[in-house]
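Data block below; observations after.
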Amino acid sequence: MHHNQLNITLPDGTVKQFAKGVTSLEIAQSISEGLAKHSLVAFVNGSVWDITRPIGEDAMVQILTWKDEAGKKAFWHSTAHLMAEALESLYPGIKLGIGPAIASGFYYDIDFGSHSFDASHFPRIEEKIMELAHQNNLYQRLVVTKDAAKNFFKKKGDPYKLELIEELEDGHITFYKQGNFTDLCRGPHIPHTGFIKAIKLLNIAGAYWRGNEKNKQLTRIYGISFPDQKELKSYLHLLEEAQKRNHQRIGKELKLFTFSEKVGIGLPLWLPRGTLLREQLERFLRQAQVKAGYQPVVTPHIAHKQLYITSGHYDKYGEDSFQPIRTPHVGEEFFLKPMNCPHHCEIYKHEPRSYRDLPIRLAEFGTVYRYEQHGELHGLARTRCFTQDDAHIFCRNDQVKEEFSKVINLVSYVFNALGFKDYTAQLSFRDPQQLHKYIGNMEDWDKAEAAIEEVAKTQGLNTSKVLGEAAFYGPKLDFMVKDALGRSWQLGTVQLDYQLPVRFELAYTGEDNKKHTPVMIHRAPFGSLERFIAILLEHTAGKLPAWLSPEQVAILPISEKYAAYAEQIAQKLRDKEIRCFIDHRDEKMGKKVRDAEITKIPYMLIVGEKEQLEAKVSVRRQGEGDQGSFTIDNLIQKIVGDIS
RNA sequence: GCCGAUGUAGCUCAGUGGUAGAGUACUUCCUUGGUAAGGAAGGGGUCACGGGUUCAAGUCCCGUCAUUGGCUCCA
């Protein structure tokens, strides 16, 4: 083979020869004109490249278009550059932070200096972006030296880019230029601006430079773009649909919970229907926990300040908690409990423990109060008062892995039963850059993190690792689930803790008749009932399975003549603990059915002359329609089968 | 806490300086009905709150509170 020939391997395994310096675009052209026309970027030996970048060695090449995730990312990243160009022309002298692609769209962080800026400027910017897009300007990759890069941005007067360049290695610095705009950028980019056919700026937010609260807050502009108008339209439609699944909206519509400014922000009020839902979830988990060897306990909502000094929570959060409640006259200080573990430690301590007693699993639906920052409150997903399905397992070192595995099984069981299939088990570990944030010795941390990772792997969980997400006393395994808008929330959590047992001087007598320190596992499958219900509502759009529905059966008499018969049926259902109500309103059947459908009642029973004569009911399932007629006994059997 | 947006009837929302509206829900009446909206009438408002500008403010300006999209935080 000739030395300036390359072997290019395509995704289907075919190998083609090209001259050295061939570009992905040329490779695409050799495959088909259509592919070439739609090429945005390419995988070259696993990294994403510009399609106009010459290839210098044998490579695996995959052409990427809008249909590919990496293609979309490049497309959006390129749009961010285009927006920056538009902004620079409209607001001279602005400084640029970073402008990456995100899961849906892109953003750019801007220091507007003396320019005032708000969302009313969006249309003007969108117009300018489209104007620039129509120029079909090429995105050009330029390799520059560190000095040249610094000089460029010194001249331009952009301190943010200079800071970024400082951290880069000479020889690996690239600029990208399109039209009159040049940016420090690793790339890659789409070939030219003409691909961008539709843009929408979505919102504006303050964002601290490099995510640090102590730094200056820049203006972050979020947007999204598409290769055609239709896709933008359908994306905006999708957003609207997601809004309809918003748990606060559903909570209002289905009368599950509410908030009152008079009671206080972030303090949910559970309405009767919402309470039924909560209680069903609690009952479900209680049963599962009895089988798994947990012992329920109950502890007070407040505790003496000293308890939290011992646990370390006071030191860590004291200033940022609800401030203490004081006893009259004497002035003793009590805190609303922000977590249950210290109380449970005291339960563990109330009598001497033997190695034979362990593991001890103390469970409590414990309501806790945390002073969450004002801007953090978010419906039921982030409140200042919530109930954890909490439990603490006190065990010996040799029991840790088994206990941890059992907890994972329980969490998986709970998630499966409630239909959460798409979750990530996040290994929430220390941030090695911020070790001062954590208590205890680092050997214990190493041990704990290794144990969690090993157990999670053995259990075959779909894991991801995030540094800096650990609790201050130990690493966590967090079960993350997305809401309707794609935001990730921590639901279930399992935490391994070597610190609290030491701080509380917990002990058990070992086989050797000596004192040993137990290990603690904190765990909550739902996490918080409030948040869990929030996400459950967003996933189901309020259409809960029958066993969780606050109202399971709506009895719909065709006219008031059948009210008495409806009452008989209702009584029979109630005798079987089936939750039902009769729609006695003076409305036609179509209206009653519609209202029951909208309020997501799983079963509708239509009763009229025919049913009364035959001692039957006509059954309709929510979202499914007419199911035919059943005798009461058959119906009860059917429903009981569905809800147990 | 910070940067934006929003706040009008129980709910969803219209109302660009000149007499507070619609749909729905609610009450009453007519209708007694067959699987996603039968008809009519009626009640319901300190236009979030507090200031200001103006002959006149739901509307313009300032502040506060709340909600919301983000940032930071999250035991």
Side-chain angles (χ1 to χ4, degrees), chain A residues 102 107 109 112 117-122 202-222 239 243 246 248-249 252-253 255 258-262 264-266 308 311-318 320-321 337-342 368 370-379 382 388 390 428 439 469-474 476 478 485 487 489-490 493 495 497 500 522 528 531 556-563 585-598 604-611 618-628:
Chain A
I102 51 177
Y107 67 77
D109 285 348
F112 275 95
F117 188 81
D118 62 59
S120 65
H121 299 205
F122 282 179
L202 295 168
N203 43 49
I204 190 170
Y208 301 105
W209 170 237
R210 317 210 87 179
N212 188 334
E213 208 179 357
K214 296 193 178 86
N215 289 342
K216 176 153 187 184
Q217 192 170 58
L218 308 181
T219 303
R220 176 170 297 177
I221 303 173
Y222 286 90
L239 270 188
Q243 274 306 332
N246 178 303
Q248 305 203 62
R249 186 190 179 116
K252 216 176 250 177
E253 283 167 1
K255 297 185 185 172
T258 189
F259 290 88
S260 150
E261 284 185 37
K262 266 190 183 148
I265 60 174
Y308 301 111
S311 70
H313 290 98
Y314 181 78
D315 194 36
K316 183 92 182 159
Y317 298 104
D320 299 316
S321 305
K337 77 172 167 188
M339 81 295 303
N340 305 298
C341 30
V368 298
R370 296 180 184 173
Y371 179 79
E372 301 290 1
Q373 288 189 80
H374 190 272
E376 267 315 326
L377 299 173
H378 184 92
R382 191 88 183 262
Q388 296 176 312
D390 211 356
S428 298
I439 59 170
E469 288 294 307
F472 73 94
Y473 50 74
K476 308 190 286 175
D478 292 325
L485 287 176
R487 296 171 294 206
W489 294 91
Q490 175 205 308
T493 179
Q495 311 173 3
D497 180 3
L500 281 192
H522 308 237
S528 124
R531 180 178 292 177
L556 314 178
I558 289 203
S559 85
E560 67 195 27
K561 287 189 256 173
Y562 313 105
R585 290 176 308 167
D586 181 14
E587 294 288 354
K588 291 196 171 178
M589 192 45 51
K591 174 72 167 163
K592 292 186 182 183
V593 166
R594 178 181 149 84
D595 287 348
E597 286 282 346
I598 286 172
M604 286 156 255
L605 308 184
I606 287 108
V607 294
E609 187 179 13
K610 199 173 69 183
E611 287 76 11
S618 288
V619 178
R620 183 188 165 97
R621 287 297 311 260
Q622 200 272 343
E624 291 172 28
D626 198 347
Q627 309 282 299

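As a basis for the values below, the full set of heavy atoms in this structure was taken, side chains included, without hydrogen atoms, waters or symmetry mates. A note on names: the letters A, B, ... follow the listed sequences, proteins ahead of strands, and every chain is numbered from 1.
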With sequence neighbours excluded, what pairs up with A/R531 under the salt bridge (charged side-chain N to carboxylate O under 4.0 Å, His left out) test?
none
Pair of N/O donor and acceptor under 3.5 Å linking B/rC74 base with A/R370 side chain:
no
A/D478 meets the salt bridge (charged side-chain N to carboxylate O under 4.0 Å, His left out) criterion, sequence neighbours left out, with A/K476
Pick out the pairs of N or O atoms, protein on one side and nucleotides 13-15 of chain B on the other, that lie under 3.5 Å.
none

A/R621 meets the salt bridge (charged side-chain N to carboxylate O under 4.0 Å, His left out) criterion, sequence neighbours left out, with A/D642
Atom pairs, N/O to N/O, protein against nucleotides 23-29 of chain B, distance under 3.5 Å?
from	atom 1	to	atom 2	distance (Å)
B/rA25	OP1	A/K591	NZ	2.5

Hey, what are the protein-to-nucleotides 1-4 of chain B N/O distances that come in under 3.5 Å?
from	atom 1	to	atom 2	distance (Å)
B/rG1	N9	A/Q373	OE1	3.3
B/rG1	N7	A/Q373	OE1	3.4
B/rG1	N7	A/G375	N	3.4
B/rG1	N2	A/Y208	OH	2.6
B/rC2	O2'	A/Q217	OE1	2.1
B/rC2	O2'	A/Q217	NE2	3.1
B/rC2	O2	A/Q217	NE2	3.0
B/rC3	O4'	A/Q217	OE1	2.8
B/rC3	O2	A/G206	N	2.9

Would you check if the side chain of A/Q627 reaches a backbone N or O of A/G625 as a donor-acceptor pair within less than 3.5 Å?
yes
If only side-chain N and O atoms of A/R620 are considered, is one of them under 4.0 Å from the OP1 or OP2 phosphate oxygen of B/rA36?
yes
If you go through the side-chain atoms of A/R210, does one of them form a donor-acceptor pair with the base of B/rC71 closer than 3.5 Å?
no
Searching all strands shown, indicate the nucleotide that pairs with B/rC11 (Watson-Crick or G-U wobble; both distances under 3.5 Å).
B/rG23
Can you tell me, in whole Å, how much space there is between the P of B/rC49 and that of B/rC29?
36 Å
